[in-house]
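Counting convention: from 1, in listed order, for ligands and their atoms alike.
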Amino acid sequence: MSMKKIQMVDLISQYQDIKDEIRTEFDRVLDSAMFINGPVVKEFQNDLESYLGVTNVIPCANGTDALQIAMMAYDFPKGAEVLVPSFTYVATVEVIALLGFKPVFVEVNPDSFNIDIDDLNSKITKQSVAIVPVHLYGQCADMESLLEVAKKHDLVVLEDTAQAIGADYTFSDGTKVKAGTMGHIGATSFFPSKNLGCYGDGGAIMTNDDELASKMRMIVNHGQSKRYYHDSIGVNSRLDSLQAAVLKVKLKRLDDYNASRRLVADKYDEVFADTRAIIPPFRSPFSTHVFHQYTVKLADGIDRNAMNEYLADHGIPSMIYYPVPNHLQKAYRYYGYQEGDFPLTEDLCTRVISFPIHTEMDDEQQQTIIDGVLRFLKI
Ligand SMILES: *Cc1c(COP(=O)(O)O)cnc(C)c1O
């Protein structure tokens with residue numbers, strides 16, 4: 001049998017394994033015709049609350065909405081400053097600007113790829129209202145230090161945990177908690193390729209604050225307090241029943257899925273650590289890594305474009321997350337940032353590359369990827 005085509009994410013093979021269960025759950029939804037707010041949405045919500053150890057999960061339409069709704073739950077004044085790493089997916093920044101707040105970019109730690117605490121401290125002003133740490137590629141930011149900073153300056157912490165669902169964070173006193181449950185609110189995405197992905201769009205907000213939760217439950221539903229009575233301006237953001245059905249089935253497997261991603265990462269690490277050309281991902285002492293992406297740094301002198309093209313010619317996909325930092329994106333030039341403002345972030349954007357990682361990767365496929373990379377490096 002010939003080898004399966006190598007993909008960044010193999011959702012087709014994953015589906016084959018859970019097909020019967022998914023179909024049974026789909027049938028329940030189809031037979032009931034309760035496509036919106038069916039019982040399965042509440043079932044998934046309860047399951048996710050238990051899994052995360054959080055008192056409130058509010059399902060919504062996608063991860064970008066989740067971030068936006070979290071920010072709407074506070075009455076921040078227009079122009080208020082929200083601190084956010086420049087090195088993240090645009091959605092994190094977009095919602096800040098969209099709501100009329102000012103994104104204040106922060107440098108990242110070049111090893112962990114996550115928000116740098118010293119730089120964060122230096123960017124806080126009287127206008128600062130919130131920090132949005134992003135647990136990039138699947139590993140938590142330095143939350144213990146970040147929460148101390150937030151407490152000292154009375155800032156809200158909204159975690160973007162779209163890439164890190166299921167990661168565990170351990171505080172210095174030994175307390176262990178899930179990514180997304182450390183700040184005031186966590187926001188996540190169930191986009192199909194995320195570690196917990198549905199078969200369309202989906203997202204969720206999580207919080208241990210019951211008051212914030214009831215406010216956000218209103219916001220997701222047009223600011224409605226009771227039917228046709230609207231207390232605040234809201235949005236329409238729902239997770240539909242079919243998507244909840246998929247997520248209910250996949251949540252049971254999330255820890256196994258994350259474990260198989262970690263095995264793939266471990267094998268890559270072992271090989272790449274011996275090369276001088278590739279710097280494998282940093283492993284945090286306080287957070288597990290769920291490897292939403294397996295992203296390495298290339299040493300000086302390694303031509304990233306040439307590597308990407310060489311691999312593609314040999315049937316091996318690779319991706320650049322992200323080629324342009326947000327402070328240099330055309331849409332955000334308005335805020336007055338320039339090249340050179342975030343040298344570490346800008347440098348990372350020129351040297352990171354992500355190799356395929358997913359739950360169904362077999363040894364033969366991974367060996368093909370490794371061989372391709374080593375051949376390109378002439379090792
Ligand atoms: C995927 C992602 C989002 C947005 O999620 P959508 O469901 O696509 O809206 C936000 N932040 C990060 C870091 C992401 O990776």
- Given Ala91, Gly202, Ser189, which has its nearest heavy atom closest to atom 5 (O) of ligand 1?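 Comparing heavy atoms across Ala91, Gly202, Ser189, the nearest one to atom 5 (O) of ligand 1 lies in Ser189.
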- Message: Can you tell me which residue among Leu48, Leu239, Ile205 is in a side-chain contact (heavy atoms from CB on, under 4.5 Å) with Pro59?
- Response: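 Looking at Leu48, Leu239, Ile205, the match for Pro59 under the side-chain contact (heavy atoms from CB on, under 4.5 Å) is Leu239.
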- So do Ile279 and Phe272 actually touch side chain to side chain, heavy atoms under 4.5 Å?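 The answer is no, as the side chains (C-beta and beyond) never meet within the 4.5 Å cut-off.
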- Query: How about Tyr321 and Val352: do any of their side-chain heavy atoms sit closer than 4.5 Å?
  - Reply: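 Of all side-chain heavy-atom pairs linking Val352 with Tyr321, none is under 4.5 Å.
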I'd like to check which ligand 1 atoms, numbered from 1 as shown, lie under 4.0 Å from a non-hydrogen atom of [X].
{"X": "Thr64", "result": "4 (C), 5 (O), 6 (P), 9 (O)"}
{"X": "Asn62", "result": "7 (O), 9 (O)"}
{"X": "Gly63", "result": "5 (O), 6 (P), 7 (O), 9 (O)"}

- Message: Go through it in stages, so that I can follow the logic: the residues are Glu21 and Lys252, the test is salt bridge (charged side-chain N to carboxylate O under 4.0 Å, His left out), and I'd like the CA-CA distance, side-chain angles, deciding distance and then a yes or no.
- Response: CA-CA 12 Å; Glu21 230 179 300; Lys252 288 187 276 183; 2.6 Å; yes
- Please list, chain by chain and in numerical order, all residues satisfying side chain to side chain contact (heavy atoms under 4.5 Å, CB included) with Glu309, sequence neighbours excluded.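 With neighbours one apart ignored, the set is empty.
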- Query: Quick one: nearest non-hydrogen protein atom to atom 13 (C) of ligand 1, plus distance?
  - Reply: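 Going by distance alone, atom 13 (C) of ligand 1 is nearest to Asp160 OD2, 3.4 Å.
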- Query: Counting both backbone and side chain atoms, is some N or O of Tyr322 under 3.5 Å from an N or O of ligand 1?
  - Reply: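 Between Tyr322 and ligand 1, no N or O pair is found under 3.5 Å apart.
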- Query: If you look only at pairs with a residue in residues 174-190, which of them pass as a salt bridge (Lys or Arg N to Asp or Glu O under 4.0 Å), with sequence neighbours excluded?
  - Reply: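 As it turns out, the salt bridge (Lys or Arg N to Asp or Glu O under 4.0 Å) pairs with a partner in residues 174-190, which skip direct neighbours, are Asp168-Lys178.
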- Under-4.0 Å heavy-atom contact with ligand 1, by part of Lys194 that carries it: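 Within the 4.0 Å criterion, Lys194 contacts ligand 1 through side-chain atoms alone.
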